[in-house]
Amino acid sequence: MTTPNDEVSFYEAIGGHDTIKQIVTTFYEGVAADPLLKPMYPEEDLGPAAERFTLFLTQYWGGPGTYSETRGHPRLRMRHAPYAVTPAARDAWLKHFREGLDKAALPPELDAQFWAYVQHAATFMVNTHE
């Protein structure tokens, strides 16, 4: 997305850190109560997972590169390999993420771009059909 005077990253266009934090917070509220997903998060406190996810999405969408600086390459499939990410888990994950996007109320074109990415990423993470 561009403005007449300068280029604006997707991260900036959606409202930056505060918007991503809101999406992730809403997402993890759903995860905390989800009997399928919660067992995939070994930490009782989901705060550290939420912080990592916020940093990842921030970096992915053009914000600061803090995620890579502190954690290295995302290696998403490797980091999730210990967990059975089934199509049902993907669908539950997407449900909670959709709730976060809905709460953020992004403009339709930005929402569509964000949603397309997370749908692709969630499907990419499926590692078993059992």
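This chain uses plain numbering: 1 for the first residue, then up along the sequence.
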Straight-line distance of [X] [atom1] to [Y] [atom2], nearest 0.5 Å:
{"X": "Arg52", "Y": "Leu46", "atom1": "CZ", "atom2": "CG", "answer": "9.5 Å"}
{"X": "Ile14", "Y": "Gln113", "atom1": "CD1", "atom2": "CD", "answer": "9.5 Å"}
{"X": "Ile23", "Y": "Asp18", "atom1": "CD1", "atom2": "CG", "answer": "11.0 Å"}

If the plane angle is over 60° it's perpendicular, under 30° parallel, otherwise tilted; pick one for Tyr117 and Trp61.
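The rings of Tyr117 and Trp61 stand perpendicular, inter-plane angle above 60°.
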What about Trp93 and Leu36, same hydrophobic cluster or not, with Ile/Leu/Val/Met/Phe/Trp/Tyr joined at side-chain heavy-atom distances under 4.5 Å?
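No, separate clusters.
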Side chains of [X] and [Y] in contact at under 4.5 Å (non-hydrogen atoms):
{"X": "Phe10", "Y": "Phe114", "answer": "yes"}
{"X": "Leu101", "Y": "Phe27", "answer": "no"}
{"X": "Phe53", "Y": "Ile20", "answer": "no"}

Going by side chain to side chain contact (heavy atoms under 4.5 Å, CB included), name the residues that satisfy it together with [X], two or more places apart in sequence or in a different chain.
{"X": "Pro35", "value": "none"}
{"X": "Pro39", "value": "none"}
{"X": "His129", "value": "Pro87, Val126"}

Please list all pairs passing the salt bridge (charged side-chain N to carboxylate O under 4.0 Å, His left out) test where one or both residues lie in residues 92-108, with sequence neighbours left out.
Lys95-Glu99, Arg98-Asp102, Arg98-Asp111
Looking only at atom types and distance, does a side-chain atom of Thr58 sit under 3.5 Å from a main-chain N or O of Gly63, one as donor and one as acceptor?
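No: the side chain of Thr58 does not pair with the backbone of Gly63.
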Full working for side-chain contact (heavy atoms from CB on, under 4.5 Å) between Leu94 and Trp115
CA-CA 9 Å; Leu94 284 170; Trp115 184 236; 3.9 Å; yes
Inter- and intrachain pairs under side chain to side chain donor-acceptor pair (under 3.5 Å), touching residues 22-34, at least two apart
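Those involving residues 22-34 are Asp34-His96.
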Exercise: identify the closest heavy-atom pair between [X] and [Y]:
{"X": "Thr123", "Y": "Arg90", "result": "OG1-CD, 3.4 Å"}
{"X": "Ala89", "Y": "Met40", "result": "CB-CE, 3.6 Å"}
{"X": "Gly62", "Y": "Ser9", "result": "O-OG, 4.1 Å"}

Begin with the C-alpha distance, continue with both residues' side-chain angles, and end with the deciding distance and a verdict on side-chain contact (heavy atoms from CB on, under 4.5 Å) for Val24 and Leu57.
CA-CA 9 Å; Val24 171; Leu57 290 173; 3.8 Å; yes
For Glu51, all residues meeting side chain to side chain donor-acceptor pair (under 3.5 Å), sequence neighbours excluded:
none
For Tyr11 and Gln59: C-alpha separation, side-chain torsions, deciding distance, then whether side-chain contact (heavy atoms from CB on, under 4.5 Å) applies.
CA-CA 8 Å; Tyr11 174 75; Gln59 179 174 303; over 6 Å; no
